[in-house]
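Whatever order the structure lists ligands and atoms in, that order sets their numbers, starting from 1. Along the sequence shown, the residues carry numbers beginning at 1.
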Amino acid sequence: MTHFLRVLNLIVLALTATIQAHVLRVRDTNPNQVVDSSKHYTHLTRTVRPGLDFEIYHPPSTFEVFDEKTTQRLAAFVDFDWNLEEETVSFVQSHLSVGRSEIGFTSGYTSESSMYGYVKQIHDGIPFINAVANVAWKDSTVVSFGSSFVQPNKIAPSKPTLDVNTAISKAEEILQGQFDGFTPSLGYLARPDGSANLVYIIQIRIEDTVDLAHGWFETFVDAHTGEVLSLTDFVAEAIVYNVIPFSKVAPPDGFELVSDPQDLEASPGGWHNGTGAEVMTKGNNVMAFCNGNLTSLSIPSTPRTPRSSASNSTVEFNYRYQPLLGPSISTNIDAGRVNGFYIANSVHDFFYRYGFTEVAFNFQDDNFGKGGQGGDAVRLSVQDSSRGVNNAFFETGPDGQPGSCLMSLWNYANPSRDASLENDILIHELTHGLTNRMIGGGTARCLQTTEARGLGEGWSDAVASWALQSTPEVRDFVMGTWVFDNPAGVRTYPYSTSNKTNPLLYSNLQGTSDRYLIGQVWANTLHNVYASLVSAYGYDKDAKKNPDGIEGNVKFLRLLIDSLALQPCNPTMVEARTAWILADKNRYGGVNSCLLWKTFASKGLGVSATKAVYVDNFNVPEGC
Ligand SMILES: *[C@@H]1O[C@H](CO)[C@@H](O)[C@H](O)[C@H]1NC(C)=O
Ligand SMILES: *[C@@H]1O[C@H](CO)[C@@H](O)[C@H](O)[C@H]1NC(C)=O
Ligand SMILES: *[C@@H]1O[C@H](CO)[C@@H](O)[C@H](O)[C@H]1NC(C)=O
Ligand SMILES: *[C@@H]1O[C@H](CO)[C@@H](O)[C@H](O)[C@H]1NC(C)=O
Ligand SMILES: [Zn+2]
């Protein structure tokens, strides 16, 4: 470490000249929705207590990543210590063309591989609260720069006209809490209208045993008018679920306590509607209830206990599944609702990352002004008896109408087993929602013919397998082993790269109208496509959050989901294959074309395979 620092004793001269930057996270926005969707990453509403909401504003930020290869290294080794603070401030000064007196160093540190400097904007010696910047360095060159510095159109005088005690009383009165004695300071607050207000920063604690309201806030009180403009909530509320973690299959693999699994990129408001004790298995993406009764939701297992002021609060859905007792005991119903809620939200989030968004007709109550129809979160009914036993269903209506996921009890084992505790069954059902919505543009009318419905079953098994392949080695995959109480699962063969283990070919569609058999041909073909891509490009264990990865499992899901939007209404298997080849051309420039053709051809879906003529063709295009 010391050695590393000594090597870095260099001066960086003129960095700006040849740096090539690109901005990350450019969102696909509907031009008509620009205002709302931009608001979505600059604004949030914080409820302090019922009826008291604050709109909190963060100025838009930029994030630039500098490509090391194109970064000019005008560095000369010199014999004095490179100074993170000076270098960071001087970089920001030149990069944003601001004066030295407009930048203050906040903090910085060195990790094993990089150094990080954090600065804030200053006016008249007073720091901004929400206009900040950060610089990351590697080998004395800047590798990234994030900034929310502002150029206010109007800036309040830097001498307060309101005294601090009046400001404290205002904050106590509005929040109905107590000033905690921490010395107030002055700051500038960038406002959504482009102005900057001078504020007192005043800490307030709320310990209200009547309403059970608790909190610790840093309030920003206008130092000229006394208005409480905004606040910071110091208390993080973690939500903990006792579930079968996403990469595992069923209760025998073990439950775990999972904390805050929500992906805020995909679910910006979190998974739940409400906070604290109002948090139930209900939110913007999913509501999970028992046997068709929409009000029978799970509530937290432990009441939210009044906290000592500085501790975090936790909401727990910690119900211990009792395998030897029947499904109808309340803790087992809760275990099913909580696991179903967790899996259905996790599926929402990773589908979202891979393109099943509001504009692509996904399932959400609130679409945050980003397009598509809202009002259609998934309704997940655990232990659903409306269709008997030993099954599971997903009913997809058009965009704007809720999807229903019905999980039956299975009675092959004693006591019966709840399908909402088997992750592959849940993922299979939820994938029906994806395919029914994405093929045909949100109408839910385009997987109706026998072959198309068979493809739907195939995609559902293939996505379940994708989600549960948790290691770089591609393993055979078997559906439904736990609910069926049989290691052979509910399909005819395991999905496998061995044609001894799974001999299915395109020609197996000849003479069958069994959509599950058709589905197995397609799912096994896709299992082989998955294996080819993973063998060529490796495996990323974080693929669910990283659709931009280069690994084979990432590419597989990208192409699967991209292909859905391309194919015709009521596709055939040959057309579904063609859509994969086209999806690869669109997304990856066709570099995987031969790999895909070879794999499809190995299952009889070669170039001369013909739709509605179920004869195998093993040919690949010329040049492959
Ligand atoms: C969530 O809460 C908001 C505000 O209380 C309400 O308008 C909305 O309908 C709720 N959504 C669900 C799914 O309960
Ligand atoms: C639905 O569930 C709620 C909450 O558990 C319960 O109070 C109500 O009686 C149930 N309704 C029916 C029809 O069972
Ligand atoms: C609050 O939560 C954060 C993030 O989970 C954690 O780092 C911190 O230690 C917690 N603080 C307390 C007092 O428990
Ligand atoms: C099984 O795979 C092997 C090797 O990939 C191949 O030679 C053979 O023809 C295949 N058999 C069938 C029935 O597809
Ligand atoms: Zn199905």
In plain terms, say whether R558 and D584 are close enough for a salt bridge, that is, a side-chain N and a carboxylate O under 4.0 Å apart. no
Is it true that Y352 and F363 have ring centroids separated by less than 6.0 Å? no
Nearest-0.5 Å distance that lies between atom NE2 in H348 and atom CZ in F356: 8.5 Å
Tell me whether D334 is salt-bridged to R337, with the criterion being a basic N under 4.0 Å from an acidic carboxylate O. yes
For the Zn ion (ligand 5), which protein N/O/S atoms fall under 2.8 Å? Skip waters. H428 NE2, H432 NE2, E457 OE1
Can you list, by chain and residue number, every protein residue with a non-hydrogen atom closer than 4.0 Å to ligand 4? N499
Does a salt bridge link K545 with E265, judged by any charged N lying under 4.0 Å from a carboxylate O? no
Please check: side-chain N/O of D376 versus main-chain N/O of G400, any donor-acceptor pairing under 3.5 Å? yes
Centroid separation under 6.0 Å, is that true for the rings of F341 and F317? no
Of the backbone atoms (N, CA, C, O) and the side-chain heavy atoms from C-beta on, which set of N293 has a member under 4.0 Å from an atom of ligand 2: side chain, backbone, both, or neither? side chain
Looking only at side chains, do E429 and S460 share a donor and an acceptor under 3.5 Å apart? no
Given the options F246, F477, F350, W466 meets ring pair (Phe, Tyr, Trp, His ring centres under 6.0 Å) only with F350
Taking only heavy atoms of S296, which atoms of ligand 2 are found under 4.0 Å from at least one of them? 2 (O), 5 (O)
Quick note on ligand 2: atoms under 4.0 Å from a heavy atom of T295 include exactly 1 (C), 2 (O), 3 (C), 4 (C)
May I ask you to decide if T481's main-chain N or O and N486's side chain share a donor-acceptor pair within less than 3.5 Å? no
Measure from the side-chain N and O atoms of N436 to the backbone N and O of H432, and report whether any donor-acceptor pair falls under 3.5 Å. yes
